[in-house]
Amino acid sequence: MAESYRRSRWSNGLFVVPYLSVFLTLLVFPLGWGIWLSLNKVDLFGGERFIGLKNYARVLSDPIFGQAVKNTVIFVGVSVPTLVILGLFLALALNKTTKGSSFLRGVFFASSILSVTIVTLIWRIVFIPNDGLMSLIFNYFGWQPIGFLSTQGWSLFSVGVATVWWCIGLPMMLFLAALQQIPKDLYEAAALDNATRWRVLTRITLPSIKSTIMLVAVIQVVMQFQLFGQAQLMTNGGPAGSSRPIVMYIYEVGFLRWDIGMGAAASQILFLIILCAAMLQYWISTRKEEADA
Amino acid sequence: MKRLLLGTTAISVLALSPIANANTTIELQRFFGACDAEYGSSIDVSAAVGECGIITTLVNKFEADNPGIDVKVTTVEWPGYDQLNAQLASRSAPDVVSMHYSAMSDYQSRGLLVPLDSLLKEQGIQATDFTDAAISSVTKEDKIYALPFDNWTMLFHVNTNLMKQAGLIDKNDNPVLPTNRDELFAQGQQFKNATQQPYLIQISANETAAYARIFYTLMMQQDSKFFADPSRIDLSGEDAKAALTLMKEIVNKGLSSQNLDYPAAVSAFANGNGGIAVNGTWLIGSYDAQSKEANNALSDGYRVFPVPQFFSQKDATYADGHGWVVPRGDRSDEKMAAIGKLFKFLYDNDYEWARTGHLPTVKKVITSNEFTSLPHRSDIAKITKTGQALPAEVLRQFAIQDILGEELGSAVNGNKSIDDALKTAQYRINDLLENI
């Protein structure tokens, strides 16, 4: 028996108690409570009555929830690849030790420190009709102005633009950190072999950072499925619910309609969707790695 | 070391001195916006303009007049019920909260509001001091649950400079407004042709309340009983179709601004980008002040009128109001007495609040010379008679407004057919009401 195992004591487990207590209090307990609430007819101020899976049946048969799921999946499907590709592009472009690139890293990361209120205020000024930046540009060229925040299709696009602008800093920084871990001798060897830039990118750079690409993708999938503030403040989910994400549906049901049971049921469904999406992504990537090996 | 100890003790004593002073603190939570930069230290109520300016200076003045009472104000984003719900659920609600009459039944029916009969009585305020419309809105099960502060409705704010340009001014210098639907379209087209501006400035983006309020008005003008049963809405009749068709036709004929959210719509009218702003009473004070300044789009060119009667059955307009409530919670007698004083002060200053454009709730203010001599009040006086609320028994009126506004907006902007929008709105609202 190994020495370390023989010397282990139950009291060593105390080291994880601080983390475990926070984890149980702030994550496991609310999750369990949320599941319990989803099985009850309950409003914000109590009055619990067990009703089994009726809340789930109501959520799943609600066409507004179906529309919110569709909106969110489209949003994640477009915004996550955009964030990954754009973040990678910026990281590759700024992976230098010049003063200019350091300055630009700061510039591109700066938006990440803003609150959602400020971000949406800025993009509202860009997209609003009459005095908005886009409106001025359209008028300058004599084009018919577009109601970016109030036209079906454009509203979700506008929320996506604001989101990408806001969230691009983290993927860029993670990619930069990964790029700087790639051994320089790989590039020197490629240079000796007269490898083209494209070949260097596809044969050295991307394979070396594929675990970071997966990490960024999973983080962004989890984050973007939780889209809320931008949609609420920029479009209020409209027009005709075309930019209402799942979290906004949960908020409306729970806080505006006071139907906490139904809101909790929708939350559990969102939890499952995020879990499945992240697991699927992880499964695809590990399966590919195994196939490569 | 001794000096250090003495110094630390002195600082501790100073830090704790507010506790020693023990002023009574009232936590007041309100919407109406934030304007501390302009009015944060002002106590000159008569010089203040607009909802935010007047309520801020009123609170400042109350604090100055009552040195033993501090009012800690928290300004919330309109309407602020999310925060209040969270506070009530966690038993940390503020002492005084601004609340719409239409939202009051939700809270009162769950026992979340404190009855104010004895508190008002102690201050010498009688129920009969208030207008019938106001006191009936805050009275539930024979108890008063709020200090009624105002009544409001949507109005036609008119830019008479542009109306003159369009030839829509009569010989007495009054703007010519439509008295039926045909006149609305004819005058709207005339205005548009002459000024190249939209006839109406309406809030249509990122908004649900404005659609719902106008729809309620058009339904009430048809004497529709769409909430005959307070637990069900009926939008299946021709009345609902006629109301929504009118709203849609205004947009289809290009007579209304498009894609404007609330702030954009307010500033569009102020900048002269349209003839008539369909907006609330609360803007009268600000637009009137602007009209008295030189060299702007509204200079000497602002009037305001009730929404015209487009259906012959009844002269009616949807109305609501603001009141001050005390949420459930443990409070000392001193604090309740301080709240009583604050309510008496607000009651005494109902005229000042009425300068915003809202209708006063105190009878003696309505009949006072100072109120009737305020600009535009004679033009909108009839809304005290034509103003009509939804039945008080209808719960979740804000959630209903959101659902209804969303569906109406979908039809008006061409994302859904009128029939589909009304059918969906009815289904969603009734699903909400059935599951309370």
Side-chain angles (χ1 to χ4, degrees), chain A residues 41-47 51 54-55 58 61-65 67 117 120-121 124-125 127-132 134-135 145-155 158-159 231-244 248 251-262, chain B residues 77 79 81-86 88-91 106-107 110-112 204-209 211 257-261 263-265 267-268 271 273-274 328 395-396 398-403 405-416 420-421 424 427-429 431-436:
Chain A
K41 175 93 192 85
V42 55
D43 75 13
L44 277 169
F45 309 108
I51 55 166
K54 275 187 189 163
N55 282 326
R58 281 181 64 208
S61 63
D62 187 352
I64 305 300
F65 181 73
Q67 186 191 30
T117 321
T120 50
L121 266 177
R124 184 183 164 274
I125 294 168
F127 286 130
I128 53 164
N130 287 354
D131 304 325
M134 293 305 289
S135 179
I146 295 170
F148 282 100
L149 302 177
S150 54
T151 311
Q152 235 170 357
W154 284 112
S155 59
S158 307
V159 170
Q232 198 208 12
L233 294 168
M234 288 175 73
T235 64
N236 199 20
S242 60
S243 61
R244 177 191 283 112
M248 192 166 166
Y251 156 77
E252 286 175 355
V253 170
F255 281 85
L256 299 183
R257 297 170 58 164
W258 296 17
D259 198 339
I260 285 294
M262 192 175 168
Chain B
E77 175 78 5
Y81 300 129
D82 297 348
Q83 288 94 324
L84 179 62
N85 291 344
L88 283 164
S90 59
R91 298 182 184 278
D106 288 344
Y107 294 91
R110 292 303 311 268
L112 298 167
S204 55
N206 202 353
E207 167 78 11
T208 53
Y211 286 114
S257 61
Q258 280 189 297
N259 303 321
L260 298 183
D261 61 10
S267 61
N271 295 332
N273 296 332
R328 180 181 70 183
L395 297 176
R396 306 290 188 275
F398 265 74
I400 290 170
Q401 178 177 274
D402 275 345
I403 293 172
E406 181 184 325
E407 296 299 335
L408 296 173
S410 300
V412 168
N413 297 309
N415 297 316
K416 273 185 185 175
D420 188 15
T424 313
Y427 166 77
R428 290 177 64 190
I429 293 167
D431 177 61
L432 156 70
L433 293 172
E434 278 163 18
N435 287 286
I436 288 177

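Chain letters run A, B, ... following the sequence lines, proteins first, then strands; residues in each count from 1. Scope of the values below: all heavy atoms of this structure, side chains included, with no hydrogens, waters or symmetry mates.
- Ring-plane geometry between B:Y107 and B:Y81 is classed as tilted, the angle between the planes lying from 30 to 60 degrees on a 0 to 90 degree scale.
- Contacts between B:E77 and chain A at a heavy-atom distance below 4.5 Å are absent for every atom of the residue.
- The greatest number of non-hydrogen atom pairs below 4.5 Å with chain B, out of A:Q232, A:R124, A:M234, is found for A:R124.
- Interface residue A:Y251: only side-chain heavy atoms are found under 4.5 Å from chain B.
- A salt bridge links A:R257 and B:D431; the closest N-O separation between the charged side-chain nitrogens and carboxylate oxygens is under 4.0 Å.
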Test side chain to side chain contact (heavy atoms under 4.5 Å, CB included) applied to B:N435 and A:M262, step by step: CA-CA 10 Å; B:N435 287 286; A:M262 192 175 168; over 6 Å; no

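- Highest contact tally toward chain B, considering only A:L44, A:I64, A:D62, A:I128, is held by A:I64 [criterion: heavy-atom pairs under 4.5 Å].
- The shortest distance between side-chain heavy atoms of A:D259 and A:K41 falls below 4.5 Å.
- Looking only at heavy-atom pairs under 4.5 Å with chain A, the residue among B:A89, B:G111, B:A205 that has the most is B:A89.
- Using a 4.5 Å cut-off between heavy atoms, B:N413 makes no contact with chain A at all.
- Contact annotation: the side chain of A:F127 never approaches that of A:W154 to less than 4.5 Å [non-hydrogen atoms, C-beta and beyond].
- For a residue to count as touching a neighbouring chain, one of its non-hydrogen atoms must lie under 4.5 Å from one of that chain's; by this rule A:L149 does not touch chain B.
- Contact tally against chain A (heavy-atom pairs below 4.5 Å) for B:G409, B:G414, B:P263: the top residue is B:P263.
- Contact annotation: the side chain of A:S150 never approaches that of B:S204 to less than 4.5 Å [non-hydrogen atoms, C-beta and beyond].
- In this structure, the portion of B:L112 lying under 4.5 Å from any heavy atom of chain A is its side chain and not its backbone.
- Only the side chain of B:D402 comes within contact range of chain A, judged by heavy atoms closer than 4.5 Å.
- Across all non-hydrogen atoms, the minimal contact from B:I403 to B:L432 is CD1-CD2, 4.1 Å.
- Using a 4.5 Å cut-off between heavy atoms, A:L233 touches chain B through its backbone atoms (N, CA, C, O) alone.
- Within the 4.5 Å cutoff, side-chain heavy atoms of B:D82 are placed close to those of A:L256.
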